[in-house]
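Chain letters run A, B, ... following the sequence lines, proteins first and then strands; every chain starts at 1. Computed from a predicted structure; not experimentally measured.
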Protein chains: 2
Amino acid sequence: MTNALGIDIGGTKILYAVLDEQGNIITDIKKCPTPKSAKEIELTLKNIISEYYNQIDAIGLSSAGAVNMSNTMVVSSTPNLPEGYNDIDFSKLSDKKVFVENDANCAVWAEYKKGAAKGFSTVLMATIGTGIGGGVVYNGKIFRGATGNALEVGSMKIFADKRQKCTCGRYDCWESYASGTGLKNCAIYGAKNYQEFSSSMFKNKKPEEITTYDITDGKEQGDAFAVRVYNQWIDYMFTGLVSLTDIFNPDCIVISGGMCRFVDAKAMEERINKESVVADVKVKLAETENNAGMIGAGLLALENL
Amino acid sequence: MTNALGIDIGGTKILYAVLDEQGNIITDIKKCPTPKSAKEIELTLKNIISEYYNQIDAIGLSSAGAVNMSNTMVVSSTPNLPEGYNDIDFSKLSDKKVFVENDANCAVWAEYKKGAAKGFSTVLMATIGTGIGGGVVYNGKIFRGATGNALEVGSMKIFADKRQKCTCGRYDCWESYASGTGLKNCAIYGAKNYQEFSSSMFKNKKPEEITTYDITDGKEQGDAFAVRVYNQWIDYMFTGLVSLTDIFNPDCIVISGGMCRFVDAKAMEERINKESVVADVKVKLAETENNAGMIGAGLLALENL
């Protein structure tokens, strides 16, 4: 029996637990705040590892950012983590195997091994949060691309005429239409352009003040404006997902992230299978959610022992 | 030394030759018309194989359509090939190993093993012809997806508002903007909307009569209308390629197909590297071209011996 320590390094907190080869969490899940300097992060990780040292065979770390091809360092910018974070060589934290992987890749791996995508061959995950992230597992491996940056699906363009600026500075990124931020953008557009706004429960708000929860709640209450905005948002999500289905020919799409509970997976599945040139994909909501990074990182560390 | 017979089954002709493990063609390249019935295609292939039987260790077939996961049959519709084609079990054509693969996958394999993409780890091919096809090689394997249908990149949507109908019946497929047909669509749009048309060398043509060659020739001659139409077409091609770069993080993109000679690979490379969130991709034009299917199929047959 081999066990791994799974550690999820987030912008605000570090989450960790020991898991077995099946991805079952076999200790309490603990957390601590993410320290404000790279040096302190290193020290905190060393302390966490020493706490479980005798119970584990490997350590898996889930982190924001692109990870190098030897899975030892984070190489891209990580705005929510301190300066110097990219200089940490995680493999040197312990004499046991330390394996670091991008959080989206950890999450798709967790769903593939233990969650909604168990048993499928080609799994596409789309994480719908403030932005949109993604991951693909194909034939038992994560698709990482040439430098570990693959599946930046949030940057896929769904218009070709510079219609809407994204927070990244580029135009027409999928995530500026179909993420949580995208839903807010849909509401702003709708408040200025849909006649339903004048009789909406939000008619006295400024367009910029309408929140994503206004729309999701309003839609539940049957507010015609909220329903139209929500449907437009789902249409944009669909546009990206159907393109990705034609591109990857997945047998399973997992939708995860903070906004995924507002998506009707079954309805999305039917639309995609009707429109896509390739067929028969299942669309599911993620199951491992908050523990996805920890579970995926731990399982990947064991996989790569 | 092992050799393969590479056979490219096209809608109008069958092309074949023997190649060695490096993909060097070591016999004359021969061709014959594609027979009009599935039975005759089977017979023709058997005759071709028996002609080279003593020189070869395996047979590789390149075909239009999606191929099953055991690489023995074509399973999707193939409008340019006769009824009954999907019932042919190619593995039964010979007692030697017969391996069939989709033509786009054969082409990207040929470029990866012997052409412009030799030595790269993550290769994306975009074939710009009447439509747009694609293929990906990642870590020494073709990315086939769950059912062999992956990389239908021509169906990726580059608008999300049902702007232009594609010949496939869907809306806003990349190929309806950026293929050869797409260039014609750009010309039709331009003739109706660009003021440059009134002083263009094509001003007396009906929009629908302007050909792709009118535009590519006109652009060479400095016709302002042709230049604007051409630039719009390249913009649409860029939109799709930059999305695919963010999705696959390739280190090499190969552009192939009948329209590829009208693309400035270096200029496209610079634009993609400037715009993409992932970086440092090389953009190259295909080198194996007309022999790509034959070479790729033969090499794949040897690879899978």
Side-chain angles (χ1 to χ4, degrees), chain A residues 66 69 76 120-124 134 136 138-139 141 143-163 168-174 177-178 232 235-252 275-282, chain B residues 66 69 76 120-124 134 136 138-139 141 143-163 168-174 177-178 232 235-252 275-282:
Chain A
M69 295 314 277
S76 72
F120 290 91
S121 82
T122 308
V123 180
L124 168 74
V136 158
Y138 173 62
N139 279 356
K141 297 272 178 202
F143 189 99
R144 304 190 68 216
T147 56
N149 284 283
L151 275 303
E152 288 285 354
V153 295
S155 300
M156 173 172 59
K157 293 181 189 294
I158 66 161
F159 286 98
D161 58 355
K162 297 202 172 181
R163 183 173 303 204
C168 75
R170 297 175 186 82
Y171 282 88
D172 297 324
C173 303
W174 185 33
Y177 293 91
Q232 178 63 71
D235 276 356
Y236 288 141
M237 199 183 302
F238 165 75
T239 296
L241 288 175
V242 77
S243 289
L244 290 170
T245 302
D246 291 337
I247 290 169
F248 285 106
N249 179 207
D251 46 2
C252 183
E275 175 80 5
S276 170
V277 297
V278 309
D280 263 357
V281 66
K282 296 281 175 208
Chain B
M69 295 312 277
S76 72
F120 290 90
S121 82
T122 307
V123 180
L124 168 73
V136 159
Y138 173 61
N139 279 354
K141 298 271 177 202
F143 190 99
R144 305 189 68 214
T147 56
N149 283 282
L151 274 303
E152 289 284 355
V153 295
S155 300
M156 174 172 58
K157 293 182 187 296
I158 66 161
F159 285 97
D161 57 354
K162 297 201 172 184
R163 177 173 307 205
C168 75
R170 297 175 186 83
Y171 282 87
D172 297 323
C173 302
W174 185 33
Y177 294 90
Q232 179 61 71
D235 276 355
Y236 288 142
M237 199 184 301
F238 164 75
T239 296
L241 288 175
V242 78
S243 288
L244 291 170
T245 302
D246 291 337
I247 290 169
F248 285 106
N249 180 207
D251 47 1
C252 182
E275 175 80 5
S276 171
V277 296
V278 308
D280 265 357
V281 65
K282 296 280 175 209

(request) Heavy atoms only, distances under 4.5 angstrom: which of B/A66, B/P250, B/A150, B/C173 has the most pairs with chain A? Name it, please. (result) B/A150

(request) Look only at the side chain of A/S243 and the backbone of B/M156, and say whether a donor-acceptor pair between them is shorter than 3.5 Å. (result) no

(request) Flag the pair B/R163 and A/D161 as a salt bridge only when some basic side-chain nitrogen lies within less than 4.0 angstrom of an acidic carboxylate oxygen. (result) yes

(request) Tell me, for A/S76 versus chain B, whether the close heavy atoms (under 4.5 Å) come from the side chain, the backbone, both or neither. (result) neither

(request) Apply side chain to side chain contact (heavy atoms under 4.5 Å, CB included) to B/F238 and list each qualifying residue two or more places apart in sequence or on a separate chain. (result) B/V242, B/M268, B/R271, B/I272, B/E275

(request) Go through the atoms of A/S155 and report whether side chain, backbone, both or neither lie under 4.5 Å from a heavy atom of chain B. (result) both

(message) If I measure from the heavy atoms of chain B, does A/Y236 come under 4.5 Å with its side chain, its backbone, both, or neither?
(response) side chain

(message) Checking side-chain polar atoms at under 3.5 Å, does A/D251 have a donor or acceptor matched by the opposite partner on B/T147?
(response) no

(request) Over all heavy atoms of both residues, which pair between A/T239 and B/F159 is shortest? Give the atoms and the distance, please. (result) CG2-O, 4.4 Å

(message) For the CG atom of A/N139 and the CE atom of B/M69, what is their distance to the nearest 0.5 Å?
(response) 6.5 Å

(message) I need the residue from A/V278, A/T245, A/V277, A/V281 with the largest number of non-hydrogen atom pairs under 4.5 Å to chain B.
(response) A/V277

(request) Against chain B, label A/L244 side chain, backbone, both or neither, depending on which of its atoms sit under 4.5 Å from a heavy atom there. (result) side chain

(message) With a 4.5 angstrom heavy-atom cut-off, is it the side chain or the backbone of A/V136 that approaches chain B, or both, or neither?
(response) side chain

(message) Is it the case that the ring center of B/F143 lies less than 6.0 angstrom away from the ring center of A/F143?
(response) yes

(request) Using modelled atom types only, decide if a donor and an acceptor are shared between the side chain of B/D246 and the backbone of A/G154 within a distance under 3.5 Å. (result) no

(request) Mind checking the CD1-CG spacing from A/I247 to B/L151? Nearest 0.5 Å is all I need. (result) 8.0 Å

(request) Please list, chain by chain and in numerical order, all residues satisfying salt bridge (charged side-chain N to carboxylate O under 4.0 Å, His left out) with B/D280, sequence neighbours excluded. (result) none

